[in-house]
*Asks:* 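Here it is, the structure, as structure tokens.
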Amino acid sequence: MQVFHHIQTLREALAAERKAGKRIGFVPTMGNLHDAHIELVKIAQRNCDVVVTSIFVNPLQFGLNEDWDKYPRTLAADSAKLEAAGCDYLFCPNDKEIYPNGMAEQTRVIVPTMTDVLCGASRPGHFEGVTTVVTKLFNIVQPDEAVFGIKDFQQLAVIRRMVEDLCIPIKIVAGEIVREADGLAMSSRNGFITADERPRVAQLNRSLNWIKQEIVQGRRDFNGLIEAAKEQIMEAGFKVDYVNICNSRTLEMAAHDDTEITILGAMYTQGARLIDNVSVVLG
Ligand code: PAF
């Protein structure tokens, strides 16, 4: 695996691959890689000739009181995992390489409306940071395909919308959520879960699945389902950020006759904010 810290040298290497007719796959990450990230690399490998993974803990998508400074940076271990997975290129720039004019002066990319709800409501500016850095990374790598995890369901929807709206010629591919045995979705932030909380954190997933089963069985009192799920999560000892039942494509509150529904939730543990979602397609 070749490792690049600079845009120019990565571009030169990828230009040669493109000239040789190679299809380029891209997996953008913030590092601290786990099995779910490696699954994204494998998906990219299936569809492409060469795969680029980026590791950049993007300061622009973290709020002032968020965990940018304590976000785990594990480049040596990440690099070994990517090498073992057969990734071809690793791009790990520093802040100056990505934001040479400083973050305040950085041109922004904004996807309106669908970024104001769910995670966007509790993390103002977060998605603006994501869409801005992803656009930059897309322009640097210029991949044919880019793979994003479904665990960040809203992020995936926002990026799909951005690519559509800005006519970006990149196919966006979704990677399934990878879960621990008890249902906890794999996340780089799971390392912040305390030993005491660990047996209880899968309640978020259990409650979202409970809503899904109730909907499959015909219940449509969405507000009642949401409130009951919030109670379950609070009883397990966690502060709820949100639980919502949404139209899978628009992320608006689901209508009773919607057939593609995603149930999304976020909760706070002592040291982390965890998110999860489950989708259902009704016949
Ligand atoms: O999902 C992530 O890890 C980040 O939001 C991303 C897409 C790499 C942008 O920084």
Side-chain angles (χ1 to χ4, degrees), residues 4 7 10 25-41 43-44 51-63 66-75 77-79 81-82 87 89-95 97-99 103 106-111 114-115 118-120 122-141 143 145-163 166 168 170-178 185-192 264 266 272-277:
F4 292 87
I7 295 169
L10 176 71
F26 179 41
V27 181
T29 80
M30 297 204 300
N32 194 231
L33 304 181
H34 46 70
D35 289 358
H37 293 113
I38 300 304
E39 277 307 310
L40 303 182
V41 172
I43 291 171
V51 174
V52 183
T53 299
S54 65
I55 295 181
F56 178 61
V57 186
N58 174 33
L60 201 62
Q61 69 188 73
F62 287 79
E66 292 187 344
D67 55 357
W68 178 80
D69 48 345
K70 67 170 183 156
Y71 199 87
R73 286 149 172 95
T74 52
L75 189 57
D78 293 347
S79 187
K81 284 179 190 169
L82 290 170
C87 179
Y89 294 95
L90 168 59
F91 178 49
C92 40
N94 64 18
D95 295 359
E97 187 73 6
I98 297 295
Y99 300 117
M103 289 202 297
Q106 171 63 47
T107 302
R108 310 291 174 110
V109 177
I110 297 171
V111 174
M114 72 192 308
T115 53
L118 305 166
C119 290
S122 34
R123 302 186 68 189
H126 167 67
F127 285 113
E128 183 177 320
V130 171
T131 45
T132 299
V133 82
V134 168
T135 302
K136 293 191 73 139
L137 292 168
F138 280 178
N139 284 331
I140 293 164
V141 176
E145 291 193 14
V147 191
F148 292 84
I150 293 176
K151 198 206 82 183
D152 296 288
F153 191 89
Q154 187 176 12
Q155 170 173 280
L156 178 62
V158 167
I159 286 167
R160 282 193 196 283
R161 174 64 64 81
M162 176 186 86
V163 163
L166 298 182
I168 298 175
I170 296 172
K171 182 176 173 198
I172 303 300
V173 178
E176 289 301 326
I177 301 176
V178 182
M186 286 193 187
S187 163
S188 299
R189 289 190 169 91
N190 288 358
F192 297 134
L264 302 100
R273 180 176 170 280
L274 304 181
I275 60 172
D276 200 353
N277 66 84

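Because the structure is a prediction, the values reported are computed rather than measured. Counting starts at 1 for both ligands and their atoms, following the listed order. Below, all heavy atoms of this structure are taken into account, side chains as well, without hydrogens, waters or symmetry copies. For this chain, numbers begin at 1 and follow the sequence in order.
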*Asks:* Which atoms of ligand 1 are found less than 4.0 Å from any heavy atom of Q155?
*Replies:*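 Contacts of ligand 1 toward Q155, numbered from 1: 1 (O), 2 (C), 4 (C), 5 (O), 7 (C).
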*Asks:* Closest by any non-hydrogen atom to atom 9 (C) of ligand 1: pick that one out of K136, M30, K151, Q61.
*Replies:* Q61
*Asks:* Considering only heavy atoms of V133, which atoms of ligand 1 have at least one such atom less than 4.0 Å away?
*Replies:*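 This gives 9 (C), 10 (O) as the contact atoms.
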*Asks:* Between T29 and ligand 1, find which residue part has any heavy-atom pair under 4.0 Å and reply side chain, backbone, both or neither.
*Replies:* backbone
*Asks:* Using every non-hydrogen atom in the two residues, find where I275 and C119 come nearest and quote the distance to one decimal.
*Replies:*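 I275 and C119 have their closest heavy atoms at CG2-SG, 3.9 Å.
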*Asks:* Please step through side chain to side chain donor-acceptor pair (under 3.5 Å) for the pair N58 and Y99, ending with a clear verdict.
*Replies:* CA-CA 10 Å; N58 174 33; Y99 300 117; 2.5 Å; yes
*Asks:* State, yes or no, whether a side-chain contact exists between F127 and M114 at a heavy-atom distance under 4.5 Å.
*Replies:* no
*Asks:* Are K70 and F192 in a cation-pi contact, defined as NZ or CZ under 6.0 Å from the six-membered ring centre and within 45° of the axis?
*Replies:* yes
